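Within every chain, numbering begins at 1; the chains are lettered A, B, ... in the order of the sequence lines, protein sequences first and strands thereafter. Note that the structure is predicted; figures quoted are calculated from it, not measured.
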There are 2 protein chains.
Amino acid sequence: MTISKTNRLSLVEQVVSQIESLIESGEWKIGNQIPPEMDLIQQFDVSRNTLREAVRSLVYAGLLVTKQGKGTFVRSSSALGAAIERRIQQSSILETLEVRHALEREGAQLAALRRNQEDIEQLRFHISACSRAAEAKDIKAYEEADIQLHKSIMVSSHNDLLIDLYEHMEYSLHESIHQIVEMSSDVNFHLNIHCKLVDSIIEQDVNRAIETVNEYIAQFKKSLE
Amino acid sequence: MTISKTNRLSLVEQVVSQIESLIESGEWKIGNQIPPEMDLIQQFDVSRNTLREAVRSLVYAGLLVTKQGKGTFVRSSSALGAAIERRIQQSSILETLEVRHALEREGAQLAALRRNQEDIEQLRFHISACSRAAEAKDIKAYEEADIQLHKSIMVSSHNDLLIDLYEHMEYSLHESIHQIVEMSSDVNFHLNIHCKLVDSIIEQDVNRAIETVNEYIAQFKKSLE
DNA sequence: GGTTATTTGTTCGTATGTATC
DNA sequence: AGATACATACGAACAAATAAC
């Protein structure tokens, strides 16, 4: 028999599953403290060790954080972030940039196809924030605004999986964006090309949106050498 | 002080980290059984529960599997797979297909730029396997060959992060590929367009490679309606 | 500033379920 | 069927960090 019969779920797995549901459903909100171990032991009717193994699993996965003496808190609603962070740390900037290219190109294409009125407002808001920061020569504010802009482009794609992957990469991208912005001496070029991208998306010019993404990624790659 | 001082690593975290190293370094090979709990307790000099919490974390992350009565085995060297699988299960086929588009488009582009002689041989091998399976009208073999072909295209990109993301998605893609191949009544169209893609990569025609990927993804999207 | 209560961190002992030979 | 090796699960105790009084 090579049939991999699905073993009955262990107690720990059952508890993990229940906690996941509580987090996903929003019953346990992000940032909030969860009930102490003793309460959960009663709630789930398991021993302390079993409960701890379950909590520990979710800590490793990045859903929870425990602080000795204080309690346990909800950190995220998805395990993707932690896993991607770990993987990206082992990658070169070039590799990360190319994956970013993959996601942003697709995101821009879909955004140009699907953006609605609300998306347009968000895009305009964030591009003007970039513009203001550039004018004030506030590099830190510019980086933050740039990240928000890219995120809102992704949101305009209306593909939740794509948005999730990008948002969870974004944390790791922070560093590489910083390096890139610092290297590209010309902030205006950076700003202009983003204006062009936003414009393409609003005008629903799919090809121009894709080309623009290609253009600035190519620019980044060049500055990496 | 808003500085988030990095708390000293808990014992469990130290053990997790050590086990990760053992797996990454290849000292514990994939598929192999790891030493029993009692041995590890001595090796790491921790209590049973501490060790179990560490192992349990890595089981949840997908690095290890435990089988009661048999032992614990190494399942994977990366936590990405399990996390991506969980996330993709919550997504629609369309969303998954679009992310696949993102990765495959980038992969094809980079493959066309970087493929070496060894890559070319692999690509030729797998495309001919597809061809043989199509001729024999063996759908199951065709699907398998198709997956291997796509994987070898990704390998030709020489971007390990991209390869990892794709390979870990591939498992979840299996199902959607099956549905798509089944739906597309014309296997020859599917085969021809893949020949064109492989040809473009070998000829280093970057634009044609990208266009070909766009073409068959568009075809898949159409058949989803 | 010190004491106490709360909460997580860690250890030990014991019993049970499961697979292999 | 019995013995062995292994993971599963529970309960009790003490340590360490934090918060509240």
Side-chain angles (χ1 to χ4, degrees), chain A residues 1-19 22-23 28-76, chain B residues 1-19 22-23 28-29 31-76 82:
Chain A
M1 291 279 276
T2 49
I3 294 175
S4 68
K5 58 177 172 185
T6 303
N7 291 321
R8 80 166 201 290
L9 288 175
S10 70
L11 261 185
V12 176
E13 288 168 320
Q14 291 178 42
V15 174
V16 164
S17 172
Q18 289 188 62
I19 295 181
L22 285 167
I23 295 175
W28 288 1
K29 295 190 203 312
I30 293 179
N32 283 11
Q33 184 170 6
I34 73 174
E37 285 179 347
M38 286 309 174
D39 291 12
L40 295 177
I41 288 169
Q42 293 185 359
Q43 181 174 339
F44 296 130
D45 194 33
V46 293
S47 77
R48 179 148 184 244
N49 289 332
T50 302
L51 176 77
R52 282 183 59 81
E53 284 179 27
V55 169
R56 201 45 99 165
S57 299
L58 294 168
V59 167
Y60 180 79
L63 295 177
L64 300 175
V65 271
T66 57
K67 296 174 185 174
Q68 189 177 177
K70 295 177 76 173
T72 303
F73 303 80
V74 181
R75 185 188 171 220
S76 163
Chain B
M1 292 278 275
T2 49
I3 294 175
S4 67
K5 58 177 173 185
T6 303
N7 291 321
R8 79 167 204 288
L9 289 174
S10 71
L11 264 184
V12 176
E13 288 167 321
Q14 290 178 42
V15 173
V16 163
S17 172
Q18 290 188 60
I19 296 181
L22 285 167
I23 295 175
W28 287 1
K29 294 188 203 312
N32 282 10
Q33 184 170 5
I34 73 175
E37 283 181 350
M38 283 308 179
D39 291 12
L40 295 176
I41 287 169
Q42 293 186 0
Q43 181 173 340
F44 297 129
D45 193 32
V46 293
S47 78
R48 173 154 212 174
N49 286 336
T50 301
L51 177 78
R52 283 182 60 80
E53 284 178 24
V55 168
R56 193 60 88 162
S57 297
L58 293 167
V59 167
Y60 179 80
L63 294 176
L64 300 175
V65 269
T66 56
K67 296 174 186 174
Q68 188 174 359
K70 295 176 77 174
T72 303
F73 303 80
V74 181
R75 186 189 168 213
S76 163

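- A sub-4.0 Å separation between OP1 or OP2 of dG9(C) and a side-chain N or O of Arg56(A) is present.
- Remark: Lys70(A) is not in phosphate contact with dA17(D), judged by side-chain N or O atoms under 4.0 Å from OP1 or OP2.
- Between Arg52(A) and Asp39(A), the residue anchored nearer the 5' end of DNA chain C, judged by the nucleotide with its closest heavy atom, is Asp39(A).
- Looking at the side chain of Val12(A), the nearest of the listed nucleotides dT18(D), dT8(D), dA9(D) is dA9(D).
- Checking the phosphate oxygens (OP1, OP2) of dT7(C), no side-chain nitrogen or oxygen of Thr66(A) falls inside 4.0 Å.
- For Val15(A) against Ala54(A), the heavy-atom pair with the smallest separation is CG1-CB, 3.6 Å.
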Identify all pairs in which a protein N or O lies below 3.5 Å from an N or O of nucleotides 2-5 of chain D, and state each distance.
none

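- Taking only side-chain nitrogens and oxygens, Lys67(A) never comes nearer than 4.0 Å to OP1 or OP2 of dA17(D).
- As a whole-Å value, the separation of Ile34(B) CD1 from dC6(D) P is 11 Å.
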For residues 36-46 of chain A, run the donor-acceptor check on the side chains, cut-off 3.5 Å, and write out each pair with its distance to 0.1 Å, sequence neighbours left out.
{"residue": "Glu37(A)", "atom": "OE1", "partner": "Arg48(A)", "partner atom": "NE", "Å": "2.6"}
{"residue": "Glu37(A)", "atom": "OE1", "partner": "Arg48(A)", "partner atom": "NH2", "Å": "2.8"}
{"residue": "Glu37(A)", "atom": "OE2", "partner": "Arg52(A)", "partner atom": "NH1", "Å": "2.6"}

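- Partners of Lys29(B) according to the side chain to side chain contact (heavy atoms under 4.5 Å, CB included) rule, which considers only residues two or more places apart in sequence or in another chain, are Asn32(B).
- With sequence neighbours excluded, no residue forms a side chain to side chain donor-acceptor pair (under 3.5 Å) with Ser17(B).
- Of all heavy-atom pairs spanning Phe73(A) and Gly31(A), the tightest one is CD2-O, 3.8 Å.
- Distance CD (Glu37(A)) to C1' (dA12(D)): 14 Å, rounded to an integer number of Å.
- The side chain to side chain contact (heavy atoms under 4.5 Å, CB included) test applied to Val59(B) returns Val55(B), Leu64(B), Thr66(B), not counting sequence neighbours.
- Closest approach of Arg56(A) and Ser57(B) over heavy atoms only: O-OG, 3.4 Å.
- Between Ile34(B) and the options Leu22(B), Val74(B), Ile19(B), Leu58(B), a side chain to side chain contact (heavy atoms under 4.5 Å, CB included) holds for only Val74(B).
- Residue Glu53(A) contributes atom CD, which lies 13 Å from atom C1' of dT10(C) at whole-angstrom precision.
- Looking at Gln68(A), its side chain has no donor and acceptor atom pair within 3.5 Å of the base of dG9(C).
- Between dT8(C) and Ser10(B), no contact under 4.0 Å exists linking OP1 or OP2 to a side-chain N or O.
- Thr50(B) meets the side chain to side chain donor-acceptor pair (under 3.5 Å) test with Ser47(B); sequence neighbours excluded.
- At a non-hydrogen distance threshold of 4.0 Å, Val46(B), Ser47(B), Asn49(B), Thr50(B) from residues 44-51 of chain B come into contact with DNA chain C.
- Between the CD atom of Gln14(B) and the C1' atom of dT11(C) there is a distance of 16 Å, given to the nearest Å.
- For the pair Ser10(B) and Glu53(B), the minimum side-chain heavy-atom distance is 4.5 Å or more.
- Across the interface with DNA chain D, nearest-nucleotide mapping of Gln33(B) and Leu11(A) shows Gln33(B) to be the residue nearer the 5′ end.
- Distance Met38(A) CE to dA5(C) C1': 13 Å, rounded to the nearest Å.
- Glu13(B) places its CD atom 15 Å from the P atom of dT8(C), with the value rounded to the nearest Å.
- Interatomic distance, CD of Gln33(A) versus OG1 of Thr72(A), reported as 7.5 Å (0.5 Å rounding).
- Taking the C1' atoms of five terminal pairs at each end of the helix from dG2(C)-dC21(D) to dC21(C)-dG2(D), the two resulting helix axes are inclined by 10°, rounded to 10°.
- The shortest non-hydrogen separation linking Ser76(A) to Ile23(A) is O-CG2, 3.8 Å.
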